[in-house]
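To start, the structure under review is shown below, and the notes come after it.
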Amino acid sequence: MLAGAHHDPHALLGAHQVRGGVSFRVLRPYARTVTVLAEGLRAALKDEGDGLFAGVLPLPEVPAYSLLVGYEDGELATEDPYRFLPALGELDLHLIGEGRHEELWTALGARPMTHQGVTGTRFTVWAPNALGVRVTGDFCYWDGTAYPMRSLGSTGVWELFLPGVGDGALYKFDITRPDGTHTLRADPMARRTEVPPATASIVTESHHEWRDELWMAARGDRPVHESPFSVYEVHLPSWRPRLTYRQLAEQLPAYVRDLGFTHVEFLPVAEHPFGGSWGYQVTGFYAPTARMGTPDDFRFLVDALHRAGIGVIVDWVPAHFPKDDWALASFDGRTLYEHEDPARSEHPDWGTLEFDYGRTEVRNFLVANATYWCEEFHVDGLRVDAVASMLYLDYSREEGQWSPNEHGGRENLDAVAFLQEMNATVYRRCPGVITIAEESTAWDGVTRATHHVGPGGFGGLGFGLKWNMGWMHDSLGYAAHEPVHRKYHHHEMTFSMVYAYSENYVLPISHDEVVHGKRALVTKMPGDWWQQRATHRAYLGFMWAHPGKQLLFMGQEFAQGAEWSETHGPDWWLLDPSYSAEPDHRGVRDLVRDLNTVYRDAPPLWQRDTDPAGFAWIAGDAAEDNVFAFLRHDADGAPLLAVSHFSPVVRHDYRLGVPDSVPAWTEVLNTDAARYGGGDLRNEDALKPETVPSHGRPASLTLTLPPLATVWLRPA
């Protein structure tokens with residue numbers, strides 16, 4: 001018991017019927033006296049040494065009793081934790097053992113409750129390799145000797161109900177490893193943590209009253225694939241540095257709503273020890289980072305965004321976890337959350353550990369975590385990070401550093417099964433939620449249903465959307481070339497349409513593309529400042545018109561010239577009216593607002609994003625002109641004509657073939673407009689097609705193409 005290696009402390013401690021009466025044993029280090037209190041009873045126990053107080057009282061049965069513990073500085077009245085029955089039910093244990101507990105956070109971790117008429121907190125932890133586990137915290141001056149937990153059967157779950165411990169208490173688990181040594185660990189299921197670099201878990205319960213009923217009731221009414229979906233990607237700690245969740249709730253919803261984005265996507269908000277990881281090395285999978293407030297404060301932010309009509313996506317990181325010795329790594333003295341094979345557990349790129357997706361309890365930990373964010377925090381989507389690193393056994397590994405699967409292939413079958421289970425569970429439990437894969441390879445069926453088997457023999461992974469990394473890489477590569485060289489790279493802008501309908505795509509200009517020497521979006525563009533901004537605007541116009549959903553990282557909406565840094569965030573001073581170049585940056589932001597406004601009002605740009613019939617090239621081969629022209633159609637066939645011109649010259653009377661069913665076209669957006677910082681070369685009058693064949697169509701129109709600009713036209 002004193003070594004922390006007892007698996008059933010309740011069998012020794014507490015009150016037990018014995019011959020001659022009732023035996024009381026209480027373990028209270030540093031106590032001077034322990035007195036048993038019951039109706040008509042006050043009896044002092046004998047000090048047996050080492051903090052153990054015991055005595056046999058001549059009672060016919062175990063009474064309802066409490067303890068009066070005397071210390072050097074006074075007495076403390078308390079309940080005896082060892083008089084309580086287990087506060088975790090048999091069904092919970094059965095589901096945990098099967099790896100099928102879809103609300104795992106209600107069974108494991110620290111949960112305030114009333115048990116047998118007494119208020120306190122139930123502590124539970126999965127540690128199957130431990131010789132013993134004790135709860136320690138600020139409520140016992142971080143000496144866990146008095147609070148050993150009991151093992152509940154063969155599940156590997158340890159449990160203890162501590163009366164009087166409640167919301168706000170700090171705690172950890174003191175685990176006795178198989179070799180007898182001790183390790184002090186944060187709770188893997190902690191729903192609140194200390195502010196890093198402090199590492200304790202915190203007992204918490206939510207008191208937030210949600211006010212987003214209308215949003216939650218309606219979010220599943222229309223499939224995301226057939227809806228407008230433009231995302232503003234945000235790193236919360238640096239969007240406005242030093243703001244709390246509640247302060248962000250006062251500013252972020254209004255800003256995003258003004259710009260017209262339908263959703264925000266947060267870089268990971270789960271607790272992480274190193275801020276420089278941007279949240280991608282998680283230690284507290286069930287706890288929003290305490291850097292900006294409490295879990296209820298985060299709920300308040302999500303609530304505010306919903307009431308502003310904005311969906312919330314969070315980045316989720318089930319691919320790996322860091323090696324911190326107070327977190328998940330070798331949690332109970334042996335490999336537990338990570339794979340037992342070092343070649344499978346060590347992530348070669350990030351110095352982290354990979355989860356053992358084949359272990360049912362680990363898979364349960366992650367699947368439940370996905371639904372936890374959707375159900376407890378009302379988030380509307382999960383963008384799953386680094387999916388490719390999960391799918392392949394040879395990811396970033398050389399020959400001889402990996403072993404094939406049972407079929408001789410390189411696919412991680414356990415990870416495939418996990419992702420399928422996660423997606424199926426989220427979609428079943430959380431209507432209206434979307435899952436999004438950051439998957440950088442050509443894996444077949446990322447967004448295919450899990451029960452539809454593809455040519456490779458695998459069912460789909462079941463994601464709703466996938467980041468189109470190929471489009472991002474190719475289009476940015478094209479835009480970075482000098483205009484005179486772009487004709488040799490024309491295919492880089494058109495190739496995406498070869499595979500555009502192989503998956504359901506998001507077009508991402510994310511944080512990864514504006515850090516680590518990659519430069520901000522506007523400074524990727526060649527030429528002088530005017531040409532850089534013009535190309536930036538034209539590129540955004542091309543992106544918003546291209547099939548797929550849009551994602552833009554913060555700062556790029558106003559053409560920030562510097563790379564993003566998590567230490568100071570976007571350069572908001574560029575929008576200060578006292579800054580001489582402020583109109584240049586404000587113009588780009590005005591364009592983003594108008595792109596979103598026109599986009600949301602134009603079903604051709606989003607209603608058939610996953611249907612090839614919703615797209616048709618007009619000019620996909622105009623390499624010499626650096627022109628890309630195509631039609632988008634809505635479900636009724638109504639068209640929108642998008643023309644992007646990436647040369648720094650004006651092209652007057654440029655002829656394009658168009659459907660002869662449209663009598664006239666009108667310009668609805670032009671990235672060269674003066675209000676955006678352009679030269680204001682526009683097609684102000686309605687454009688009427690002529691019966692002049694062009695581009696394989698019986699009719700055509702002529703229009704003015706401004707330099708480095710994108711123009712959208714709709715039927716007049």
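Keep in mind that what you see is a predicted model, and the values were worked out from it rather than measured.
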Item to check | Qualifying residue for side-chain contact (heavy atoms from CB on, under 4.5 Å) with Ser647, from Asn626, Val627, Leu708 | outcome: Asn626

Next on the checklist: Checking Ser510 now: which residues fulfil side-chain hydrogen bond (donor to acceptor under 3.5 Å, both in side chains) with it, not counting sequence neighbours?
Outcome noted: none

Next on the checklist: For Arg682, is there an ion pair with Asp672 - N to carboxylate O distance below 4.0 angstrom?
Outcome noted: no

Checklist entry - Going by an N to O cut-off under 4.0 Å, is there a salt bridge joining Arg219 and Asp380? => result yes

Next on the checklist: I'd like to know if the side chain of Glu482 pairs up with that of His485 as donor and acceptor (distance under 3.5 Å, no hydrogens or angles considered).
Outcome noted: no

Checklist entry - Is it true that Tyr245 and Phe300 have ring centroids separated by less than 6.0 Å? => result no

Item to check | Parallel, tilted or perpendicular, as decided by the 30° and 60° cut-offs, for the rings of Trp617 and Phe628 | outcome: tilted

Checklist entry - Do Asn596 side-chain atoms and Leu259 backbone N/O form a donor-acceptor pair below 3.5 Å? => result yes

Checklist entry - Is Arg307 paired with Asp212 through a side-chain N to carboxylate O contact shorter than 4.0 Å? => result no

Item to check | Sub-4.5 Å side-chain heavy-atom contact between His263 and Val312 | outcome: no

Item to check | Pair Tyr372 and Phe377, ring centroids less than 6.0 Å apart | outcome: yes

Next on the checklist: Looking at Glu557 and Gly555, would you say the former's side chain and the latter's main chain have a donor-acceptor pair under 3.5 Å?
Outcome noted: yes

Checklist entry - For the side chain of Trp471 and the backbone of Gly548, is there at least one donor-acceptor N/O pair under 3.5 Å apart? => result no

Item to check | Closest non-hydrogen atom pair, Ala602 against Leu640 | outcome: CB-CD1, 4.1 Å

Next on the checklist: Are the side chains of Val668 and Leu713 in contact, using a 4.5 Å heavy-atom criterion?
Outcome noted: no

Next on the checklist: Any side-chain to backbone donor/acceptor pair from Asn423 onto Leu461? Under 3.5 Å, distance only.
Outcome noted: yes

Checklist entry - Going by heavy atoms in the side chains, are Met472 and Leu507 under 4.5 Å from each other? => result no

Checklist entry - Does one side chain, of Glu438 or Trp467, offer a donor that lies under 3.5 Å from an acceptor on the other? => result no

Item to check | Heavy-atom pair of closest approach, residues Ala709 and Asn670 | outcome: CB-OD1, 4.4 Å

Item to check | Sidechain-backbone polar pair: Gln556 side chain, Leu521 backbone, donor-acceptor under 3.5 Å | outcome: yes

Next on the checklist: For a 4.5 angstrom cut-off between non-hydrogen side-chain atoms, does Val264 reach Val231?
Outcome noted: no

Checklist entry - Is the shortest side-chain N to carboxylate O distance from Arg429 to Glu375 below 4.0 Å? => result yes

Item to check | Test log, rule ring-ring contact (aromatic ring centres under 6.0 Å, His included), inputs Tyr255 and Trp572 | outcome: CA-CA 13 Å; Tyr255 184 79; Trp572 296 109; 5.4 Å; yes

Checklist entry - Is the closest basic N to carboxylate O distance between Arg608 and Asp636 below 4.0 Å? => result no

Checklist entry - Which class fits the ring pair Phe542 and Tyr539: parallel under 30°, tilted 30 to 60°, perpendicular over 60°? => result tilted

Checklist entry - Any sub-3.5 Å donor-acceptor pair from Arg448's side-chain atoms to Val453's backbone N or O? => result no

Next on the checklist: Show, in sequence, the C-alpha distance, side-chain angles and deciding distance for Asp512 and Lys518, and conclude whether the salt bridge (Lys or Arg N to Asp or Glu O under 4.0 Å) test is met.
Outcome noted: CA-CA 8 Å; Asp512 278 332; Lys518 295 181 182 179; 5.8 Å; no

Checklist entry - Is the shortest distance from a Lys or Arg side-chain nitrogen in Arg714 or Glu667 to a carboxylate oxygen in the other one below 4.0 Å? => result no

Item to check | Over all atoms of both residues, closest heavy-atom pair of His306 and Gly311 | outcome: CD2-CA, 4.4 Å

Next on the checklist: Could you check whether Asn504 and Thr610, counting side-chain N and O atoms only, form a donor-acceptor pair closer than 3.5 Å?
Outcome noted: no

Checklist entry - Going by atom types alone, do His511 and Glu233 pair a side-chain donor with an acceptor below 3.5 Å? => result yes

Item to check | salt_bridge(Asp303, Arg299) N-O dist < 4.0 Å | outcome: no

Checklist entry - Given Tyr232, which of Phe261, Phe553, Phe558 fulfils the ring pair (Phe, Tyr, Trp, His ring centres under 6.0 Å) condition? => result Phe261

Item to check | Pro707 side chain near Val649 side chain, heavy-atom distance below 4.5 Å | outcome: no

Acceptor/donor pairs from residues 653-663 side chains to any protein atom, 3.5 angstrom cut, sequence neighbours excluded:
residue, atom, partner, partner atom, Å
Tyr654, OH, Asp625, OD2, 2.7
Arg655, NH1, Glu690, OE1, 2.9
Arg655, NH1, Ser700, OG, 2.7
Arg655, NH2, Glu690, OE1, 3.0

Checklist outcome for this item: Minimal heavy-atom distance between Val234 and Met554, with the atoms involved, is CA-SD, 4.0 Å

Item to check | Derivation of the ring-ring contact (aromatic ring centres under 6.0 Å, His included) call for Trp529 and His585 | outcome: CA-CA 11 Å; Trp529 177 231; His585 299 278; 5.4 Å; yes

Next on the checklist: Between Asn468 and Tyr499, do the side chains contain a donor N or O and an acceptor N or O under 3.5 Å apart?
Outcome noted: yes

Checklist outcome for this item: For Val433 and Tyr427 the tightest heavy-atom approach is O-CE2, 3.1 Å

Item to check | Tyr488-Tyr478 aromatic ring centre distance below 6.0 Å | outcome: no

Checklist entry - For Asp571, does its backbone N or O pair with a side-chain atom of Gln560 as donor and acceptor, under 3.5 Å? => result yes

Checklist entry - Leu591 and Leu669: side chain to side chain contact (heavy atoms under 4.5 Å, CB included), yes or no, with the steps? => result CA-CA 9 Å; Leu591 169 65; Leu669 186 134; 4.3 Å; yes

Checklist outcome for this item: Residue set satisfying salt bridge (Lys or Arg N to Asp or Glu O under 4.0 Å) with Lys487, at least two apart, ordered chain then number -> Glu624

Checklist entry - Quick check: does any side chain N or O of Thr262 sit under 3.5 Å from a backbone N or O of Ser230, one acting as donor and the other as acceptor? => result yes

Checklist entry - Less than 6.0 Å separating the ring centroids of Trp564 and His235? => result yes

Checklist entry - Side chains of Asp315 and Tyr280: is there a donor and an acceptor less than 3.5 Å apart? => result yes

Checklist entry - Is there a ring-ring contact (aromatic ring centres under 6.0 Å, His included) between His516 and Trp278 once you walk through the steps? => result CA-CA 13 Å; His516 300 326; Trp278 310 333; 5.5 Å; yes

Checklist entry - Can the ring centres of Trp544 and Trp606 be said to be less than 6.0 Å apart? => result no

Checklist entry - Is the backbone N or O of Pro706 less than 3.5 Å from a side-chain atom of His645, with the two atoms forming a donor-acceptor pair by type? => result yes

Item to check | Min side-chain heavy-atom separation Glu503-Phe463 under 4.5 Å | outcome: no

Checklist entry - If you look at every heavy atom in Asp474 and Glu492, which pair is closest and at what distance? => result CB-O, 3.1 Å

Checklist entry - So do the side chains of Pro455 and Asp444 get within less than 4.5 Å of each other, counting heavy atoms only? => result yes

Next on the checklist: Is the distance between the ring centroids of His481 and Phe646 under 6.0 Å?
Outcome noted: no

Next on the checklist: Side chains of Ser565 and Glu563 only: does a donor on one sit below 3.5 Å from an acceptor on the other?
Outcome noted: no

Item to check | Donor-acceptor pair, side chain of Gln532 and main chain of Lys524, under 3.5 angstrom | outcome: no

Checklist entry - Considering only heavy atoms from C-beta outward, does the side chain of Pro693 approach that of Pro698 to under 4.5 Å? => result no

Item to check | Trp316-Asp385 side chain donor-acceptor pair, cut-off 3.5 Å | outcome: no

